[in-house]
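Everything on this sheet refers to the single structure shown next.
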Amino acid sequence: MPELPEVETVRRRVEPGLLGRVVHEVRAGHPKVFETGSPEELTGLACIGSRRHGKYLLLDFAAPEGDAAPRTLVVHLGMTGQLTFAAPASIEDHRFRRLPSGYQKPLGVHAEDRHTHLVLAFRDGARLLFRDPRRFGRILVLPPEGEGACPRLARLGPDALGYPLTDFVKRFLKERGARRVKSVLLDQGFLAGIGNIYCDEACFTAGIPPSARADTLTKPRVARLAEAVAEALARGIENAGTTFRDFVHPDGSSGHNQEDLRVYARGGEPCLRCGTILVKSTVAQRGTVHCPGCQK
DNA sequence: AATTCGCCCTGTCGGC
DNA sequence: TGCCGACAGGGCGAAT
């Protein structure tokens, strides 16, 4: 489930291939994937840069000569979204799919299939593909002035990457309410980019149970939580994202942060720090793992 | 007003 | 072996 580190990894790795390339042809798949605007509007435009806000990837396009109106392609990967880039001469790998035994995948770009919902074919033959079997992902095409008016983006709080710890503490204390800690961290309006994996990991590092009521945390513990969130995200990016099943880099390769996780997906296994058996439960309607020994 | 619930989706996995 | 229910969960609108 692509969260901030996964999206940032995709952004960094897909941008070099996109810069300067001009969209020649657009193929769109399932209509429900497209929420606002149409990808056809990108035809003739060149990619001039990329941004990210929380889990949203924003690709900016402008006319090479400057006569057509610019557009921003907004991509949310949802649960199973994959954004891949095929260089002009690359060969499609029809074996591109998850292997039953683990996260090793053949290198290559997936062939267009029934789950491919967007293909941007560039003039030189390169292609950007969006594939999403479960279709929780969304694609929006916005004019520059449409960004502020887009409800999805407007609802987002500040991006979690590089967010000042003092601001985190201040706003957490002010906005936490009677919710559980996990509920606050997952709230994209509070902070944009944290999902289930990095939430559980940060709570473990901070020694806070995800189910604790947010309004019971003392200020020092909130400060620890802020640090833990920053640390979890930074490590996720260093490790190029977490690949359990579907997440892939634009070239089809995998992240390796899954080897560095302390609690997520480790329910029933011993805690790496104290040996206590990790407990799996449901908090804020999400599968949650924590260590009863380390998180009190 | 704040918080929780139900729904959208398909592939995978465990149990029988 | 094969079928089937449970599960994964981000975000949004509805319900409480």
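By convention in this document, chain letters (A, B, ...) are assigned in the order of the sequence lines, proteins followed by strands, and residues within each chain are numbered from 1. Computed from a predicted structure; not experimentally measured.
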Handout entry: Distance below 4.0 Å between A/His115 side-chain N/O and B/dG11 OP1 or OP2
Key = yes
Atom pair distance, as rounded to whole Å: [atom1] in [X] and [atom2] in [N]:
X        : N      : atom1 : atom2 : value
A/His30  : B/dC9  : NE2   : P     : 7 Å
A/Asp187 : B/dA2  : CG    : C1'   : 12 Å
A/Arg138 : B/dC7  : CZ    : P     : 17 Å
A/Asp132 : B/dC8  : CG    : C1'   : 12 Å
A/Asp246 : B/dC9  : CG    : P     : 17 Å
A/Arg179 : B/dC5  : CZ    : C1'   : 16 Å
A/Arg245 : B/dG11 : CZ    : P     : 13 Å

Practice task
Answer with base, sugar-phosphate or nothing: what part of the nucleic acid does A/Arg114 contact at a heavy-atom distance below 4.0 Å?
Solution key: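 The residue A/Arg114 makes sugar-phosphate contact but no base contact.
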Exercise for the section: Describe the nucleic acid contact of A/Ala178 in one word from base, sugar-phosphate, nothing, applying a heavy-atom distance below 4.0 Å. Expected result: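 Sugar-phosphate, backbone atoms only, no base.
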Problem - Axis-to-axis angle between the two ends of the helix from B/dA2-C/dT16 to B/dC16-C/dG2 (five base pairs per end, rounded to 10 degrees) - result: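 End-to-end axis angle: 60°.
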Between [X] and [Y], does the ring centre distance come in under 6.0 Å?
X        : Y        : result
A/Phe130 : A/Phe34  : no
A/Tyr264 : A/Phe244 : yes
A/His24  : A/Phe122 : no

Problem - Taking every non-hydrogen atom, the tightest pair across A/Cys291 and A/Gln295 - result: N-OE1, 2.7 Å
Handout entry: Shortest non-hydrogen contact from A/Thr9 toward A/Gly241
Key =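 Closest approach of A/Thr9 to A/Gly241: OG1-N, 3.8 Å.
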Completion exercise
Expected string for nucleotides 5-11 of chain C under the B/S/- scheme (protein heavy atoms, under 4.0 Å, primed atoms plus P, OP1, OP2 as sugar-phosphate) is ---BBBB
Handout entry: A/Thr282 backbone acceptor or donor facing A/Arg286 side chain under 3.5 Å
Key = no
Handout entry: Which residues share a side-chain contact (heavy atoms from CB on, under 4.5 Å) with A/Arg27, sequence neighbours left out
Key =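 Testing A/Arg27 for side-chain contact (heavy atoms from CB on, under 4.5 Å), a comparison that skips the adjacent residues, returns A/Glu25, A/Glu112, A/Val119, A/Arg127.
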Handout entry: Option among A/Arg52, A/Arg51, A/Lys55 that satisfies the salt bridge (charged side-chain N to carboxylate O under 4.0 Å, His left out) test with A/Glu8
Key = A/Arg52
Practice task
Report yes if the side chains of A/Arg176 and A/Leu217 come closer than 4.5 Å at any heavy-atom pair, otherwise no.
Solution key: yes
